[in-house]
Engineer: 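Got a structure for you, questions after.
Naming convention: chains lettered A, B, ... in sequence-line order (proteins, then strands); numbering from 1 in each chain. Bear in mind that the values here come from a model prediction, so they are computed numbers and not experimental data.
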2 protein chains.
Amino acid sequence: MENGQRELTQKLMDAFSRFRRLHRGSPLPGIKHSELRILFRLKKIMTTNERGARISELSKVMRVTSPTVTQLVNGLEERGLVERNVDPNDRRSILVTLTQEGEAVIQEAADAFFAEFSSLVLYLGEEKTMQLIELLTESFDFLRNNSHAKIVGDMGSKE
Amino acid sequence: MENGQRELTQKLMDAFSRFRRLHRGSPLPGIKHSELRILFRLKKIMTTNERGARISELSKVMRVTSPTVTQLVNGLEERGLVERNVDPNDRRSILVTLTQEGEAVIQEAADAFFAEFSSLVLYLGEEKTMQLIELLTESFDFLRNNSHAKIVGDMGSKE
DNA sequence: CTTATTATTTAGCCTACCTAATTATATTGC
DNA sequence: GCAATATAATTAGGTAGGCTAAATAATAAG
């Protein structure tokens, strides 16, 4: 591989790696990003299905395993942001629903979340923001279509 | 907030969220992604400075804390991929160097590891890649410092 | 009615980071 | 020259956000 290209590749990798860490700060004190993702998903699902979402449904749509969803729901349930109810039609399943408190947190968090990104948009300016969006999208599409499944896909498969 | 701005923000959030999911994965069996990043960095630094890299130098350039670097170097040292030596000019510092085994691992891993990203670099081209790196870095630094108030435009001085 | 399948949970582990405090050395101010 | 301060690295312990394998419970299939 040519030298300049190797260096560019390395810098890009580093940039991606740092970037991944951005999602770790909590947008709202007392609530984790992963928990917020559950709440947002739940809200979305409940707009078309009032009965709530099954663990497996959340797991599938969020692309995480069900034990992961279970844990997150545990935390949210303890704080009264969601509720668990056995599905009467299939008692193996549980239906997770948002409580009023959960709704309130979503409202609050959405604003904080949005504020963070919108301040970035202001900081970068319109032109750079559009560039960034375009480049991310382009990269996403390329990597998705070329999923050689090395860096991007599995390869983390435990042996 | 103005409307176009709001839409830009929304798009940026979407792009980030989609993009983040792509960046997962681990390197070759027996070596972690984070360790490989150290090795690559070390190799690069050693091309211009044979004496090796200080922990603080790696920490700075990789934008992780020095305890993190220490831990990673520990693991690599145990497996004989790097060596620690006290800097004779400043005995507080240690100089980390690649061993032959480390070089070998890099060789072995490099093609597989770089393949995905380097194909992206080729796809985007040099100019767009550099743009992307810069924008990601800028965004990272901004969001990390999380200073919503400061919208000062000092866009200089990277690295 | 036994067996297989499915949904969720429990237990325990992993990566990739972090902060606070400690240790060892260097640098500065008097 | 030496006490105070600053800096480099390490140690100790924690966190977020996952994961797998095995256990539990309920349903479906033969």
Engineer: So if I take every side-chain heavy atom of A:Arg54 and compare against C:dT8, C:dC18, D:dA8, which nucleotide ends up nearest?
Structural biologist: C:dT8
Engineer: Out of A:Thr70, A:Asn74, A:Thr97, which one pairs with A:Arg84 under the side-chain hydrogen bond (donor to acceptor under 3.5 Å, both in side chains) rule?
Structural biologist: A:Asn74
Engineer: Answer yes or no: is there a side-chain heavy-atom contact under 4.5 Å between B:Arg54 and B:Ile94?
Structural biologist: no
Engineer: Determine: side-chain N/O of B:Ser56 to OP1/OP2 of D:dT7, distance under 4.0 Å, yes or no.
Structural biologist: no
Engineer: Taking only side-chain N and O atoms of B:Ser66, does any of them lie within less than 4.0 angstrom of OP1 or OP2 on D:dA9?
Structural biologist: no
Engineer: Indicate whether OP1 or OP2 belonging to D:dC19 is found under 4.0 Å from a side-chain N or O atom of A:Thr65.
Structural biologist: yes
Engineer: Rounding to an integer number of Å, can you tell me how far A:Ile38 CD1 sits from D:dG17 P?
Structural biologist: 11 Å
Engineer: Classify the side chain of A:Arg92 and the base of C:dT8 as holding, or not holding, a donor-acceptor pair under 3.5 Å.
Structural biologist: no
Engineer: In whole Å, I'd like the distance from the CD atom of B:Glu77 to the C1' atom of D:dA9.
Structural biologist: 13 Å
Engineer: Counting N and O atoms only, with roles assigned by atom type, does the side chain of B:Arg41 sit under 3.5 Å from a partner on the main chain of B:Ala53, one being a donor and the other an acceptor?
Structural biologist: no
Engineer: Counting only distance, no hydrogens or angles, is the base of C:dT25 paired donor-acceptor with the side chain of B:Arg91 under 3.5 Å?
Structural biologist: no
Engineer: Between B:Ile94 and A:Gln71, which has a closest nucleotide on DNA chain D that is more 5'?
Structural biologist: B:Ile94
Engineer: Is any side-chain nitrogen or oxygen of A:Arg63 closer than 4.0 Å to OP1 or OP2 of D:dG17?
Structural biologist: no
Engineer: Of the candidate nucleotides C:dA16, C:dC18, D:dG17, which contains the atom at the shortest distance from the side chain of A:Lys32?
Structural biologist: D:dG17
Engineer: Using a 6.0 Å cut-off, check whether atom CD of A:Glu77 has over 12 heavy atoms from anything other than its own residue.
Structural biologist: yes
Engineer: Measure the distance from CZ on A:Arg84 to C1' on D:dA25 and round it to the nearest whole Å.
Structural biologist: 15 Å
Engineer: Could you check whether A:Asp90 gets within reach of a base, just the sugar-phosphate, or nothing at all, counting any heavy atom under 4.0 Å?
Structural biologist: sugar-phosphate
Engineer: Please report the distance, rounded to the nearest Å, between CG in A:Leu76 and P in D:dG17.
Structural biologist: 11 Å
Engineer: Rounded to whole angstroms, how far apart are CD on B:Glu35 and P on C:dC14?
Structural biologist: 13 Å
Engineer: Locate the shortest heavy-atom distance separating A:Ala109 from A:Leu36; write the atom from each residue and the value.
Structural biologist: CB-CD2, 3.4 Å
Engineer: For B:Ile31 and C:dC14, what is the distance between atoms CD1 and C1' respectively, to the nearest whole Å?
Structural biologist: 16 Å
Engineer: Name the nucleic acid region contacted by B:Ser93, choosing base, sugar-phosphate or nothing; use a 4.0 angstrom heavy-atom cut-off, strictly under.
Structural biologist: sugar-phosphate
Engineer: Report the nucleotide, chosen from D:dT20, C:dT10, D:dA16, that has the shortest atom-to-atom distance to any side-chain atom of A:Thr70.
Structural biologist: C:dT10
Engineer: Take atom CG of A:Leu72 and atom P of C:dT10, then tell me their distance rounded to the nearest Å.
Structural biologist: 14 Å
Engineer: Name the closest nucleotide to the A:Ile55 side chain, picking from D:dA9, D:dC19, C:dT8.
Structural biologist: C:dT8
